[in-house]
Amino acid sequence: MHFKNRLNLLIFANYLRKRNLMDYQFAAIEQKWQKFWAENQTFKAETNSNKPKYYVLDMFPYPSGAGLHVGHPLGYIASDIFSRYKRLKGFNVLHPMGYDSFGLPAEQYAIQTGQHPAITTEANIATYRRQLDQIGFSFDWSREVRTSESSYYKWTQWIFMQLFNSWYNLETDKAEDITTLIEKFNAAGSANVKAVCDEDVKNFMPSDWAAFTDEEKQVELLKYRLTYLKESTVNWCPALGTVLANDEVKDGFSERGGYPVEQKKMMQWSMRISAYAERLLQGLNTIDWPEPVKEMQRNWIGKSVGASVIFPISLTPTLSAGEGADNYGYETADPLLWEILKTNARVNRVNQTEAEDTLWQKIRNNQTGHKIRRQHPIGSYIADFICLNKRLIIEVDGGYHLEIQENDKIRTEALNQLGFDVIRFSNYEVLSDINLVSEKIKTELEGRPDIATKKVSNLSSLSFGEGRGEAGIEVFTTRVDTIFGVSFIVLAPEHELVQALTTEAQKEDIEKYIAQTKKKSELDRMADTKTVSGAFTGSYVINPVNNELVPIWIADYVLAGYGTGAVMGVPSGDQRDWLFAKHFNLPIIQILDAQKDIEVEADPTKEGRYINSDFINNLGYKEAISYLNHWLEREGVGKAKVNYRMRDAIFGRQRYWGEPIPVYFKDGLPYLIKEEELPLLLPEIDKYLPTESGEPPLGRATDWSYEKQYEYELSTMPGWAGSSWYWYRYMDAQNENKFASKDAIAYWKDVDLYIGGSEHATGHLLYSRFWNKFLKDLGYVNEEEPFKKLINQGMIQGRSNFVYRVVDEEGKGTNTLVSYGLRKDYKTSALHVDVNIVENEILNVNKFKEFRPEFANAEFILENGKYICGVEVEKMSKSKFNVVNPDDLIKSYGADTLRMYEMFLGPLEQSKPWNTNGIEGVFKFLRKFWRLFHNEEWVFHVDDSIPTKAELKALHKIIKKVQDDVERFSFNTSVSSFMIAVNELTDLKCKNRQVLEDLVVVLSPYAPHICEELWSLLGNTDLSNTPYPTFNPAYLQEAEFAYPISINGKMRMNLNLSLSLEQDQATEIVLANDQVQGYLEGKTPKKIIFVKGKIVNIVV
RNA sequence: GCUCGGAUGGUGGAACUGGUAGACACGCAGGACUUAAAAUCCUGUGCCCUCAACAGGCGUGCGGGUUCGAUUCCCGCUCCGAGUACCA
């Protein structure tokens, strides 16, 4: 139906007028039935039903001002077909719709225009509703909900209160009421509490707890509550004037609006979703969701199994700032010197003398009561053995060290200068009476002051290795097996220990580096992953497995927010560490015999056996991990640990248009309002902007305080609050006493089919699962997972059309436009042209002149008398003139055509550009279907004859096909099959009532309006609840089959054979066939494959 | 980089468990009807060779493999799309 010019349009209008009386009148039919469904509440789900339930849900739409474009209904049409089909199949179907009506766009609009967001929201909803209605969806509108209505957000606030009143008990592995925590505190203090909580919780006895003031108790409890107030680093978006959750930030910009986002410390409400990390991860294995969405959630949760290891900070000689540095008198922190010492230490250890080894076995592992290290670099020397805390060096002379014996005196003096004493033993002493030597060492150690504690007190913020009494740096690693390959430690520049660890000599370097890092924006830092940068702090840690000194660096490739903000650098196994080591000339130590080419790049293999790895040498990966985890735990320097990437979710927004948080503040502490005081209504304000003092808009509300004296929380809930539980409200939307009754929840249970876009993968779908699990823990709901089956509909992209304007020598546009195929002959620039005036790439020139008046007198260079436009697939957007509005299509073709066409376009889950090129085929199909029920004069006519075999076959083919297709969500293929069925029945001139009636039922989920009309013309009622026809395979059975005969796998001909024939009889007939013999060219078949009802293959 | 999808005529796509590749629709070409156009109906339409028919050859991103038989299974690559990222 294209109008090449105005004349055609007139003729078409005339044709429509003539058709009015008889042809398929989609507009009238569709209006009639939409009205009928609304008036009769046809799709109201029953609350008490003996039928099995089926819950079909579409993702909660935000009613934007732009209304629906052609991509939005795709999922709604699919879910509607499914719902209607399930009703025919005898299910009590819940298929609701509502609006996620709090949100930023309405508020941005309010800021610009001063209009109350409630008013714009209301108007947008009206548009939305009108558009939804005209597509003929079978929603149960009696259950409509809007998150911005107080009758709804009352319950969002109520759930917030439950979260505030709960803590996560790791022993029972679920959320519990906060009173059970208080009981534990009363009974046994904090000792036996295993909870997911803040890091800074106090350790206290029951008596302490009893002695706490109420305020102190509240402060402590807040660290356990599932929603809590905490100073945290947030994503602050200055342009929007609010904080954003991690999932609302994309590449350093806000998802809505694309404004820059920065990091800022603020007091914020948070949700302790991290408590549910493991359950959220495990639950994914139980639900039927698309793999990419599950994968995204897994990545978001980011579970890593590994170990935490504490690297004690070496107190010599680098941590001497304050008192040490001057005493030592020279710069031992020189990295170059370190490099040499390190290598020597390694060589020495490998080449140990018998005496050294004997002594080492006697004094290692705290056998003397003190930690002793071997081959430890001190100053410019390597000590054989050293006890750092006691500043004592033990040397064994002779053997390997013979050549330096003459230097002993100088050496001793130098070490003394560094604050160390040296005791010496000869090889002979050690080998003849090791016990005596060991006793001497012990006595010497006992008599010396322990300087470690004194040192450590300078570093009060350091973490401590359990049972060690030494300061340390905790790292998280998934490859603890590579710990012998550690050649440096890297801290994030923001790490809290950086200041403390930086030596005087390195101070300038470090400060310069931190300044440089701060200048880089978050985005630069992420984009620039190639440049290696970092700075040396001047300090060292001690690798607990081999007591080697390891230098501490800072670098921005380590993130403060993940793990402990510190990593152990293993250049041979990790490419980033490798690059770092290469750049700063740090050693690369091979630790597995299977590692290859580690001079060229890191080899992260887990294959092979360990080398250079002391006590795990010769082990394999699994044994090494398990051995080390035990070893670390026994030594008190680490343990196996699971780490999650997922952070707690920030829950407050400094905005107006959201749910008020039902909290007031007394003496700076948050308290809930009383349950019977819900809902806490959103107050009216004069302007939708922050106050002059920078408080959120709610600060403008006058007379808005709790009990006239306490200030309410001024931030509101984020956009995802209302959508995190809405599917339960649909179960019992009008309930005034509960968010939904127990009975309704028990009956409807969960969502059987959930359709929506994959953009909600890490936001809504994760938060909803979290709230659902929480509500289940508290016994309010019954299912662990809310959405059993999820389908992501593909995006409908825009398909832009272009005209080509000829440009002159200077590149200036002329008044000439050239058709697509001829544009190569000219210099042109492409201009977007409204897709609505282009049909099958042919430009409607007259409409174009109207659309772009500056081209009213333009010249058009045509090809074959037509102006052909260029095409490109882009995002659907106003600025690209490629938005297709469903209203226009419904006007031209009707809702049934639109519904079927959107399905016909291709598989639901696949993204595709919108393109109306095929819509006429679908429209023609519906007319052809309509005509089946009418005679030549368009008068309704069916007969009551007995259906023929061919008619029944066509019918039952489609009965089966549609049920198979719908069950596997393959809607596009059933549209094709409908066309085939109607084509077949048309060819058969079928007018048979029985056949046509069944056909109407089968088609009705796809094209409900036309089917309702025909159903009533056939004299029936209540199509929506008519049983789906029963498939009878007998009608499809054939006596014969045209077997494809292939020779050597190549199809040559078809041969009709009875289906009752078995292999022997069949091959006999096939081989007797002249044509077959012709193909065989006299050769004898080697083998004959016969698959009954499928194929005959002759191998020669 | 990693993870997950995908690649079939001029176009959208079909082929469900390894068994006739290209259903259905669009587009295009030809024809009927018409003064004409639109609409409608009919016929043809993967590519190559051939006047045409018959027959044949090629053909599901590329290269191999398994199999009587591969769009489908396996191995290796190329390209496109989506998500994600110094996550230790």
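So you know, we letter chains A, B, ... as the sequences are listed, proteins then strands, and number each from 1.
Taking only side-chain nitrogens and oxygens, Arg298(A) never comes nearer than 4.0 Å to OP1 or OP2 of rU84(B). Considering only side-chain N and O atoms, Lys912(A) lies nowhere under 4.0 angstrom from the phosphate OP1 or OP2 of rG12(B).
Tyr1079(A) comes within contact range of the sugar-phosphate backbone alone, with a heavy-atom separation under 4.0 Å but no base atom that close. Arg647(A) comes within contact range of no nucleotide atom at all, as no heavy-atom separation falls under 4.0 Å. Within the nucleic acid shown, Lys924(A) comes within 4.0 Å of sugar-phosphate atoms alone, with no base atom in reach, counting heavy atoms only. Among the protein residues, Glu295(A) comes within range of the sugar-phosphate backbone only, with heavy atoms under 4.0 Å from sugar or phosphate atoms but none that close to a base.
At a threshold of 4.5 Å between non-hydrogen side-chain atoms, the residues Tyr901(A) and Val975(A) do not count as touching.
For the pair Arg479(A) and Lys1050(A), nearest-nucleotide mapping onto RNA chain B gives the more 5' position to Lys1050(A). For Lys928(A) and Thr478(A), each mapped to the nucleotide of RNA chain B holding its nearest heavy atom, the one lying further toward the 5' end belongs to Lys928(A).
Phe488(A) pairs with exactly one of Trp578(A), Trp553(A), Phe580(A) by the ring pair (Phe, Tyr, Trp, His ring centres under 6.0 Å) rule, that one being Phe580(A). With Phe929(A) as the fixed residue, the side-chain contact (heavy atoms from CB on, under 4.5 Å) test singles out one of Leu985(A), Asp896(A), Leu1003(A): Leu1003(A).
Computed from coordinates, the Gln297(A) CD to rU3(B) P distance equals 20 Å when rounded to whole Å. Rounded to a whole Å, the CZ atom of Phe971(A) is 17 Å from the C1' atom of rG13(B). Atoms CZ (Phe488(A)) and P (rA88(B)) sit 16 Å apart, rounded to a whole Å. Atoms CG (Asn792(A)) and P (rG83(B)) sit 12 Å apart, rounded to a whole Å. Distance, Tyr893(A) OH to rA39(B) C1': 13 Å, rounded to whole Å. Regarding Glu909(A), its CD atom lies at a distance of 14 Å from the P atom of rG13(B), rounded to whole Å.
No side-chain donor from either of Ser304(A) and Asn643(A) sits under 3.5 Å from a side-chain acceptor of the other. If you check the side chains of Tyr893(A) and Thr916(A), you find no donor sitting under 3.5 Å from an acceptor. Side-chain contact annotation: Tyr1079(A) with Asn1048(A), donor-acceptor N/O pair under 3.5 Å absent.
In this structure, Arg298(A) pairs ionically with Glu291(A), as a charged nitrogen and a carboxylate oxygen lie closer than 4.0 Å.
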Within the sub-3.5 Å range, which N or O atoms of nucleotides 14-24 of chain B have a protein N or O partner, and how far apart are they?
{"unit_1": "rA14(B)", "atom_1": "OP1", "unit_2": "Asn972(A)", "atom_2": "ND2", "d": "2.9"}
{"unit_1": "rC16(B)", "atom_1": "N4", "unit_2": "Lys961(A)", "atom_2": "NZ", "d": "3.4"}
{"unit_1": "rA23(B)", "atom_1": "N1", "unit_2": "Ser976(A)", "atom_2": "OG", "d": "3.3"}

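Comparing rA85(B), rC68(B), rA88(B) by their nearest atom to the side chain of Arg645(A) picks out rA85(B). Of the candidates rC86(B), rC87(B), rG83(B), rC86(B) carries the atom nearest the Asp556(A) side chain, counting heavy atoms from C-beta on. The side chain of Met296(A) has rG83(B) as its nearest neighbour among rU40(B), rG83(B), rG56(B). When distances are taken from the side chain of Arg576(A) to each of rC86(B), rU40(B), rU11(B), the shortest belongs to rC86(B).
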Wobble G-U and Watson-Crick pairs count when both distances are under 3.5 Å; given that, what is the 5' to 3' dot-bracket string of RNA chain B, with | for pairing to other strands? (((((((..(((......[....)))((((((.......))))))(((.......)))..(((((..]....))))))))))))....
Would Glu601(A) and Lys582(A) count as a salt bridge (Lys or Arg N to Asp or Glu O under 4.0 Å) if you check the C-alpha gap in whole Å, the side-chain angles of each, and the deciding distance to 0.1 Å? CA-CA 10 Å; Glu601(A) 60 177 348; Lys582(A) 269 279 164 199; over 6 Å; no
Lys953(A) and Glu1038(A): salt bridge (Lys or Arg N to Asp or Glu O under 4.0 Å), yes or no, with the steps? CA-CA 10 Å; Lys953(A) 188 182 172 188; Glu1038(A) 292 285 339; 2.7 Å; yes
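No side-chain donor-acceptor contact under 3.5 Å links Tyr24(A) to the backbone of Arg931(A).
When the C1' atom is used for both rA25(B) and rA14(B), the distance is 11 Å, rounded to whole Å. Separation of the P atoms belonging to rA29(B) and rC77(B) is 45 Å when rounded to the nearest angstrom. Taking the C1' atom of each, rC58(B) and rU50(B) are spaced 16 Å apart, rounded to whole Å. Taking the C1' atom of each, rG56(B) and rC62(B) are spaced 26 Å apart, rounded to whole Å. One C1' atom belongs to rG13(B), the other to rU8(B), and the distance between them is 9 Å to the nearest Å. Nucleotides rG61(B) and rU11(B) have their P atoms positioned 14 Å apart, rounded to a whole Å. Across the P atoms, rG57(B) and rU78(B) are found 34 Å apart, a figure rounded to whole Å. Taking the P atom of each, rA15(B) and rC68(B) are spaced 28 Å apart, rounded to whole Å.
The aromatic rings of His956(A) and Phe1031(A) sit tilted relative to each other, their planes meeting at an angle between 30° and 60°.
Glycosidic conformation of rG12(B) is anti; the angle lies outside 90° of 0.
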